[in-house]
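So the structure is just underneath, and the comments pick up after that.
The analysis underlying the following values was restricted to heavy atoms, covering all of them including side chains, and did not include hydrogens, waters or symmetry mates. Every chain is numbered from 1 and lettered A, B, ... according to where its sequence line falls, protein lines coming before strand lines. No experiment lies behind these values; they were computed from the predicted model shown.
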Amino acid sequence: MCILSRKFYSRPALAVARDLLGCRLVRLQNGHRLAGLIVETEAYQGEEDLGCHASAGKTPRTTVMYGPPGHAYVYFTYGMHWLLNAVTDTEGVPAAVLLRAVLPLEGQETMAANRPYLARQPGWTDGPAKLTQALGIDGAFNTADLCSRENTLWIERGDIFPDEVVQQTPRVGLTSVPEPWRSIPWRFCVDGSSDG
DNA sequence: CGGCCGATTATCT
DNA sequence: GATAATCGGCCGG
């Protein structure tokens, strides 16, 4: 196993989003090791990107995105969901990659306990809020350093998916974001990935 | 301080 | 496909 380094994250979000496919999201919870294969990501890059939360400028919520790469940006939405991002690019440039789907690899019993509702059903970790639930990730992880072994959340290098099985599409859910940001193909997903 | 809206999900038709 | 659930962030007054 090899924890992704600060250098890995020190690139534009688009490059990091592509390269995170095939990596393993790992969480240590009560001595249990939970891991998921990353199969879907989205890039959010800079204040100019009107789909990015940082397009509103530096606020208490978005400050972490302006900080050094390799930290977690975890935010709350729709009154009930936590979404996990990895901060990328250089300090001062707000950029992040949203983790949108994983395939369960390790610790599925604990993941099922974290997410009893529809646990082990097809697609039970294939959404940005589903995976945070399964891995027990919430706002307490906001700003956490993903490059430190002292923490209980990180990403490990995995097998790289070839371009032939990687699809690039517009980002999901940006209903009121103006063009071209709404349609720019900054979502990456692995063809045919499913636990069904 | 009020109001709108959201990087979603599960359920119902 | 449509929609309720549910609340913090952000903006305007």
Side-chain angles (χ1 to χ4, degrees), chain A residues 9 12-18 20-21 23 25 36 38-67 69 71-89 93-104 111-144 146 153 155 167-190 193-196:
Chain A
Y9 297 102
L14 203 63
V16 176
R18 167 63 179 87
L20 278 178
L21 297 179
C23 293
L25 178 64
I38 299 173
V39 294
E40 181 180 344
T41 60
E42 281 177 4
Y44 292 86
Q45 178 69 48
E47 294 182 345
E48 324 77 52
D49 173 8
L50 296 185
C52 181
H53 289 165
S55 62
K58 196 173 187 177
T59 68
R61 183 172 65 149
T62 62
T63 295
V64 60
M65 276 198 281
Y66 289 78
H71 288 252
Y73 167 42
V74 182
Y75 74 94
F76 188 65
T77 191
Y78 289 105
M80 62 190 93
H81 297 305
W82 294 101
L83 273 58
L84 170 66
N85 301 252
V87 173
T88 80
D89 215 304
V93 176
V97 173
L98 171 69
L99 301 187
R100 288 195 56 91
V102 301
L103 295 180
M111 290 169 57
N114 287 338
R115 194 173 187 287
Y117 220 63
L118 299 181
R120 296 177 184 276
Q121 301 285 115
W124 65 301
T125 59
D126 72 354
K130 295 180 187 177
L131 72 89
T132 55
Q133 258 186 281
L135 297 192
I137 297 164
D138 62 16
F141 286 89
N142 191 37
T143 75
L146 301 174
L153 182 65
I155 303 176
Q167 294 212 25
Q168 231 178 307
T169 76
R171 296 172 293 184
V172 174
L174 306 189
T175 52
S176 64
V177 171
E179 298 293 358
W181 308 108
R182 182 169 49 199
S183 300
I184 198 166
W186 285 1
R187 168 176 176 258
F188 295 86
C189 59
V190 177
S193 65
S194 153
D195 57 0

Ignoring the backbone of [X], work out which of [options] is nearest its side chain.
X      : options              : result
A:Y78  : B:dT8, B:dA7, B:dA10 : B:dT8
A:L83  : B:dT8, C:dG9, C:dC11 : B:dT8
A:F76  : B:dA10, C:dG8, B:dA7 : C:dG8
A:M65  : B:dG6, B:dA10, B:dA7 : B:dA7
A:P60  : C:dC10, B:dA7, B:dT9 : C:dC10
A:T175 : B:dA7, B:dG6, B:dT11 : B:dG6
A:R115 : B:dA10, B:dG6, B:dT8 : B:dA10

Requested in this report: For residues A:Q45 and A:V93, report the shortest heavy-atom separation together with the two atoms involved.
Outcome: NE2-CG1, 3.5 Å
Report summary line: Closest non-hydrogen atoms of A:Q133 and A:N114, given as atom of the first, atom of the second and distance, are O-CB, 3.2 Å
Query raised in the report: For A:V97 and A:L118, take the nucleotide of DNA chain B holding the closest heavy atom to each; which residue's nucleotide lies nearer the 5' end?
Result: A:V97
Query raised in the report: Using atom P of each nucleotide, how far apart are C:dA4 and B:dC4 to the nearest Å?
Result: 16 Å
Query raised in the report: In whole Å, what separates the P atom of B:dA7 from that of C:dG1?
Result: 22 Å
Report task. Looking at every strand, decide which applies to A:Y117 at a 4.0 Å heavy-atom threshold: base, sugar-phosphate, or nothing. Result -> sugar-phosphate
Query raised in the report: For A:R61, which contact category applies under a 4.0 Å heavy-atom criterion: base, sugar-phosphate, or nothing?
Result: sugar-phosphate
From [atom1] of [X] over to [atom2] of [N], roughly how many Å is that when rounded to an integer?
X      : N     : atom1 : atom2 : answer
A:Q121 : B:dT9 : CD    : P     : 16 Å
A:R171 : B:dA7 : CZ    : P     : 10 Å
A:L131 : B:dT9 : CG    : C1'   : 13 Å
A:L98  : B:dG6 : CG    : C1'   : 13 Å
A:M80  : B:dC5 : CE    : P     : 17 Å
A:L14  : B:dA7 : CG    : P     : 19 Å
A:H53  : C:dG8 : NE2   : C1'   : 11 Å
A:R182 : B:dC5 : CZ    : C1'   : 15 Å

**Report entry** Complementary nucleotide of C:dC10, counting Watson-Crick and G-U pairs under 3.5 Å
**Finding:** B:dG3
Report task. Using modelled atom types only, decide if a donor and an acceptor are shared between the side chain of A:R187 and the backbone of A:E40 within a distance under 3.5 Å. Result -> no
Report task. Using atom types as modelled and distance alone, determine if a side-chain donor or acceptor of A:T132 lies under 3.5 Å from a backbone N or O of A:L83. Result -> no
Query raised in the report: Below 4.0 angstrom from OP1 or OP2 of C:dG9, is there any side-chain N or O of A:T59?
Result: no
Query raised in the report: Do the side-chain N or O atoms of A:T77 get closer than 4.0 angstrom to the phosphate oxygens (OP1, OP2) of C:dG8?
Result: no
Query - A:Y44 vs A:L98 side-chain heavy atoms within contact, under 4.5 Å - result: yes
**Report entry** Ring geometry between A:H53 and A:Y75 (parallel below 30°, tilted from 30 to 60°, perpendicular above 60°)
**Finding:** perpendicular
